[in-house]
Amino acid sequence: MLWLITLASRTVCLALRWTITGTIPMSNGYETMLFLAWAVMLLAVAASRRFSIMLTFGLLLAGFFLLVSHISQMDPQMSHLMPVLNSPLLTLHVSIIMMAYALLSLTFACSLTALCIRKQAEQLQLLSQLMLYPALTCLGFGIFIGAIWANISWGTYWSWDPKETWVLISFMVYAAPAHRSLATKTMPYHVYMTFAFLTLLMTYFGVNYFLGGMHSYA
């Protein structure tokens with residue numbers, strides 16, 4: 001099974017990096033991209049028992065994230081953690097945020113597919129909504145834990161760093177379709193969720209490459 005080989009290979013890759021460095025592999029952009037690809041595939045496999053199309057979404061998205069990690073010339077070199085990253089909160093903050101990104105990436109795949117295959121729009125909307133609510137929960141907890149970590153490291157809970165600002169924007173943008181007024185309209189929902197993914201791309205890639213800030217190392 002292709003999905004089993006894919007998931008197993010990424011699990012082994014992350015485990016080897018963790019074993020070699022002695023720290024969870026989430027300290028830079030390349031490692032978080034690997035974790036994101038792994039999380040997307042894991043979620044897709046878990047949801048495929050009820051929605052078989054999730055395996056296709058998982059394989060495509062995971063492959064896309066790995067491709068981007070290489071064509072964008074992210075540094076795969078393993079190195080020691082920066083002092084500010086040497087905290088147990090790293091594991092909680094980054095892993096929860098990445099899980100939210102993985103879920104939101106799958107909602108994007110659902111909506112994009114629905115726009116192309118309209119006869120499946122209602123089923124894909126249901127699937128998207130099943131992932132949207134846990135994604136918002138994870139993103140909210142991730143922001144909260146990040147604020148605690150920031151206070152410990154820099155003495156302030158919120159500094160309006162570009163990454164902090166854009167993750168808050170993403171949270172508010174994705175919170176809108178959680179309200180019934182938008183969620184009940186199938187095609188407007190899918191159009192909205194497709195364009196909402198742009199805020200996630202800006203949060204993850206745009207800030208790192210164009211805006212910098214305290215999170216530019218990530």
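Because only heavy atoms are used, hydrogens play no part in the values below, and waters and symmetry mates are left out as well, while side chains stay in.
- To the nearest 0.5 Å, atoms CG (Leu168) and NZ (Lys163) are separated by 14.0 Å.
- No donor-acceptor pair under 3.5 Å is formed between the side chain of Tyr192 and the backbone N or O of Tyr174.
- From Phe205, atom CZ reaches atom CE of Met33 across 3.0 Å, with rounding to the nearest 0.5 Å.
- Atoms CD and CG, on Gln123 and Leu126 in that order, are 8.5 Å from each other to the nearest 0.5 Å.
- A heavy-atom distance below 4.5 Å is found between the side chains of Tyr204 and Thr32.
- Using a 4.5 Å heavy-atom threshold, the side chains of Leu124 and Ile117 count as separate.
- You'll find the side chain of Val167 stays beyond 4.5 Å of the side chain of Phe171, heavy atoms only.
- By the rule that hydrophobic residues join a cluster once side-chain heavy atoms approach within less than 4.5 Å of another member, Phe197 and Met172 end up as members of one cluster.
- Separation of atoms CG (Leu200) and CH2 (Trp166) is listed at 11.0 Å; rounding is to 0.5 Å.
- Side-chain heavy atoms closer than 4.5 Å link hydrophobic residues (I, L, V, M, F, W, Y) into clusters, and following such links, even through other members, never connects Leu36 to Leu60.
- No side-chain heavy atom of His93 sits less than 4.5 Å from a side-chain heavy atom of Ile148.
- In plain terms, the two heavy atoms of Val40 and Ala62 that are nearest each other are CG1-N, 4.2 Å.
- Note: Met202 CE to Leu198 CG = 11.0 Å, rounded to the nearest 0.5 Å.
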All N/O donor-acceptor pairs, side-chain side in residues 94-113, below 3.5 Å, sequence neighbours left out:
from	atom 1	to	atom 2	distance (Å)
Ser95	OG	Thr91	O	2.3
Ser95	OG	Leu92	O	3.3
Ser105	OG	Tyr101	O	2.8
Thr107	OG1	Leu104	O	2.5
Ser111	OG	Thr107	O	3.3
Ser111	OG	His190	ND1	3.1
Thr113	OG1	Ala109	O	2.7

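- For the atom pair CD (Gln125) and CE (Met193), the distance works out to 10.0 Å, reported to the nearest 0.5 Å.
- Residues meeting the ring pair (Phe, Tyr, Trp, His ring centres under 6.0 Å) test with Trp158, sequence neighbours left out: Trp160.
- Residues Cys13 and Leu34 approach most closely at SG-CD1, 4.1 Å, considering heavy atoms.
- Phe57 pairs by the ring pair (Phe, Tyr, Trp, His ring centres under 6.0 Å) definition with nothing, not counting sequence neighbours.
- Surrounding CD of Glu122 are at most 12 heavy atoms belonging to other residues, nucleotides or ligands under 6.0 Å away.
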